[in-house]
Amino acid sequence: MFALIDCNNFYASCERVFNPNLNGQPVVVLSNNDGCVIARSNEAKALGIPMGAPAFKIKELLRQHNIHVFSSNYALYGDISARVMNILGNYSPELEVYSIDEIFLKLEGFDLFDLTEYGLKMIEVVKRSTGIPISVGIAPTKSMAKVANKIAKKFPARTRGAYVIQTPDQIEKGLKWTQIGDVWGIGRQYAKKLQNIQVFNAWQFTNLPDEYVRKEMSVVGLRLKRDLSGEPTLDLEEVAKKKNIAVTRSFERMYTDFEDIRERIATYAGKVSYKLRKQNSCCKLAYIFLHTNVHRDDLAQYHNGITVQMPYETNSSLVITKAVMTGLKRIYKEGYHYKKAGIIVMGLTPDTQKQLTFFYNEDPRHKALMQTIDKLNQNCFDQVKLGAQDLKKVWKMQQNHLSRRYSTRLTEVIEVKV
DNA sequence: TCTGGGGTCCTAGGACCC
DNA sequence: TCTGGGGTCCTAGGACCC
């Protein structure tokens, strides 16, 4: 059996942990630059706040209903997530942290357990230890556990947040209840295609011929069909090192000057290099892209990207920044209003397995330099930068509703008034 | 004025090898 | 008239996830 545990309205719930006045109140969390709604409490959902709604378009709605608005606070969410996962890891030796708010547990040898009780226990302990509400779905396969989790969340009164799918009858009922578009692995395109052939729920999907599924949805679809039919096909996946790492951001306003963009790109290059070093990887390639504002059809549009090669596998900010800059010069065109840019590093290798080249290799001093810079920045809040970066830091991300980093900064911990 | 930021896997087709 | 059979690697694009 597999369990899927998922935090309810995770970001909104994190905000509530340190601000209990928000319980029962509608809460939304916004994306970077306070752009769109990316998380909603149940109350906010009930008021009709759509996922992904641009904040400026629903300003009036937010005000009218006294909805509490937060900028995203990833320092807080990441830390709370780690605490929740840590606790849930006690419930099975085999686990897969699937996302910031989801974890799969493999429950092998739990035949003598009352799994519903086991799930309820998790809910209680996580709530008591972290303040975060979770839902638990348990079933014979991963994709079914997803279904069970959805049922648990949909019927809190009946399930108390934990639901087990096990008997053939429960399986059939659960799958028939699940609309095709809500199936894990079936997105918009496939849902449309399936509805066209009169497949409206998960049960009907499992009854399709293998050949059709294979042809229209590739082996990925076929694996899903098997798994959803009760044949365990999707297993826990190891938390592998990332194969790509990206830093991409929208600018808080549009930029036209090369100098401004150059500075921002240098900062992204520094960030992405740091991420590489954190997972002990080096990169061979970097893709850099530049976009104008897609929402301004009154302005000329220009999108372009380019892949640049590193002279050797590296995670040195100096080398990566330099390579990225040559790419930027080739794709930047004057006369456009740029709104977004990003860097994706690819072809990652562990830095212990670097392929050395005969003539050119990294200056060995870079490694020591990077280690020193990383260490300094950990203690001194990112004050050591390359000359090409934002030394003056004239730009600032819109974060007008940011809560404190309650659990990771000593200066921002909660105060108790006597 | 204002519209997020990450990831994964698979397939087809082209270029190349013997 | 008629032109083999087996591979690999890479990339772009399309689907999906949170």
Side-chain angles (χ1 to χ4, degrees), chain A residues 4-11 28-39 50-60 62 69-74 77-78 81 85 96-104 142-143 146 149 180-194 213-224 227 234 237-254 268 271-272 275 279 284-285 287 289 291-299 305-307 309 337 339-348 397-401:
Chain A
L4 172 67
I5 300 104
D6 156 304
C7 302
N8 303 342
N9 314 318
F10 183 53
Y11 296 171
V28 301
V29 178
L30 303 179
S31 62
N32 273 1
N33 276 321
D34 290 345
C36 316
V37 173
I38 55 168
M51 186 66 168
F56 75 93
K57 279 192 182 167
I58 56 164
K59 215 167 168 179
E60 191 49 30
L62 295 172
V69 178
F70 290 90
S71 306
S72 31
N73 183 346
Y74 291 108
Y77 311 152
S81 167
M85 299 307 170
E96 173 191 347
V97 176
Y98 181 67
S99 74
I100 193 163
D101 71 336
E102 279 174 75
I103 182 170
F104 283 103
K142 276 174 100 177
S143 58
K146 275 270 191 184
N149 182 286
I180 193 66
D182 291 337
V183 174
W184 185 42
I186 298 198
R188 270 226 190 86
Q189 305 301 319
Y190 286 155
K192 215 182 337 170
K193 188 178 279 187
L194 291 166
V213 177
R214 166 71 232 230
K215 180 161 171 285
E216 298 296 327
M217 304 170 69
S218 85
V219 299
V220 183
L222 193 55
R223 285 203 284 254
L224 173 64
D227 198 76
L234 310 171
E237 289 183 26
E238 309 218 348
V239 248
K241 282 194 179 175
K242 294 199 172 105
K243 297 175 175 166
N244 297 304
I245 295 180
V247 172
T248 70
R249 292 281 182 284
S250 298
F251 309 140
E252 73 294 348
R253 61 177 178 82
M254 290 183 281
Y268 298 177
K271 279 184 202 282
V272 86
K275 284 191 186 181
Q279 74 156 37
K284 266 195 291 249
L285 304 166
Y287 177 78
F289 70 84
H291 284 189
T292 50
N293 190 341
V294 289
H295 300 287
R296 292 289 299 271
D297 30 4
D298 55 322
L299 296 174
I306 190 171
T307 303
Q309 280 218 18
H337 294 74
K339 179 64 179 171
K340 182 170 179 171
I343 302 172
I344 304 166
V345 288
M346 303 171 300
L348 307 193
M397 198 197 294
Q398 288 285 322
Q399 285 184 310
N400 295 325
H401 314 277

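Convention: sequence-line order gives letters A, B, ...; per-chain numbering from 1.
Considering only the side chain of A:Lys242, B:dT8 comes nearest among B:dC2, B:dT8, B:dT3. You'll find that the side chain of A:Ile38 is closest to B:dG4, out of B:dC9, B:dG4, C:dC17. Among the nucleotides B:dG4, B:dG6, B:dT11, the one closest to any side-chain atom of A:Ala246 is B:dG6. Comparing C:dC17, B:dT3, C:dC16 by their closest approach to the side chain of A:Asn293 singles out B:dT3. Here the nucleotide nearest the side chain of A:Tyr98, chosen from B:dC10, B:dG4, C:dC18, is C:dC18. In the set B:dT3, C:dC18, B:dG4, C:dC18 carries the atom at the smallest distance from any side-chain atom of A:Trp184.
Counting to the nearest Å, the P atom of C:dC17 and the CG atom of A:Asp182 are 10 Å from each other. When rounded to the nearest whole Å, the span between NZ of A:Lys193 and P of C:dA15 equals 7 Å. To the nearest angstrom, P of B:dG5 lies 17 Å from CD1 of A:Ile245. As rounded to whole Å, 17 Å separates atom P of B:dT3 from atom CE of A:Met51. Atom CZ of A:Arg214 and atom P of C:dA15 are 16 Å apart (whole Å). The CG-P distance, from A:Leu224 to C:dA15, rounds to 16 Å in whole Å. One can place CG of A:Asn244 at 11 Å from C1' of B:dC9, the figure rounded to the nearest angstrom. Taking atom CD1 of residue A:Ile100 and atom C1' of nucleotide B:dG7, one finds them 13 Å apart after rounding to whole Å.
Ranked by how close their nearest DNA chain B nucleotide is to the 5' end, A:Ser218 and A:Asp34 are led by A:Asp34. The nearest heavy atom of DNA chain B to A:Glu237 and to A:Tyr11 marks one nucleotide each, and the one closer to the 5' end goes with A:Tyr11.
Put simply, the side chain of A:Lys241 gets close to the backbone of A:Gln279: a donor and an acceptor are under 3.5 Å apart. A donor-acceptor pair is defined here as one N or O able to donate and one able to accept, closer than 3.5 Å; such a pair exists between the side chain of A:Asp227 and the backbone of A:Ser143.
Contact annotation: A:Thr248 side-chain N/O to B:dG6 OP1/OP2 distance is under 4.0 Å. The phosphate of B:dC10 (OP1 or OP2) has a side-chain N or O of A:Arg223 nearer than 4.0 angstrom. A close approach under 4.0 Å does occur between a side-chain nitrogen or oxygen of A:Lys275 and OP1 or OP2 of B:dG6. The phosphate of C:dC17 has neither OP1 nor OP2 within less than 4.0 Å of any side-chain N or O from A:Lys146. Proximity of A:Lys340 to the phosphate of B:dT3: no side-chain N or O atom is located under 4.0 Å from OP1 or OP2. Between A:Ser250 and B:dG5 there is a side-chain polar atom (N or O) within less than 4.0 angstrom of OP1 or OP2.
Classification of the A:Tyr287-A:Phe289 ring pair by plane angle, with boundaries at 30° and 60°, yields tilted. Relative ring orientation between A:Phe104 and A:Trp184 is described as tilted, the plane-to-plane angle lying within the 30° to 60° band.
Residues A:Ile38 and A:Met51 come closest through the heavy atom pair O-CE, 3.0 Å.
Across all strands shown, A:Val97 has no heavy atoms under 4.0 Å from either base or sugar-phosphate atoms. The residue A:Ile186 sits close only to the backbone: its heavy atoms come under 4.0 Å of sugar-phosphate atoms, none of a base. Within 4.0 Å of A:Glu102, counting heavy atoms only, lie sugar-phosphate atoms of the nucleic acid but no base atom. Using a 4.0 Å heavy-atom distance criterion, A:Arg249 is classed as a sugar-phosphate-only contact. Within 4.0 Å (heavy atoms only), A:Lys215 reaches no atom of the nucleic acid at all. Across all strands, A:Val247 comes closer than 4.0 Å only to sugar-phosphate atoms, never to a base (heavy-atom distances).
Listed by chain and residue number, nothing satisfies the salt bridge (Lys or Arg N to Asp or Glu O under 4.0 Å) test with A:Lys271 (two or more places apart in sequence, or in another chain). By the salt bridge (Lys or Arg N to Asp or Glu O under 4.0 Å) test, A:Glu238 pairs with no residue at all, sequence neighbours left out.
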Problem - For DNA chain C, the dot-bracket pattern of Watson-Crick and G-U pairs whose distances stay under 3.5 Å, | for other-strand partners - result: ....||||||||||||||
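Atom OH of A:Tyr11 sits about 8.5 Å away from atom OG of A:Ser81, to the nearest 0.5 Å.
Remark: A:Lys340 is not positioned above the aromatic ring of A:Phe251, lacking an NZ or CZ atom under 6.0 angstrom from the ring centre and at most 45 degrees off the axis.
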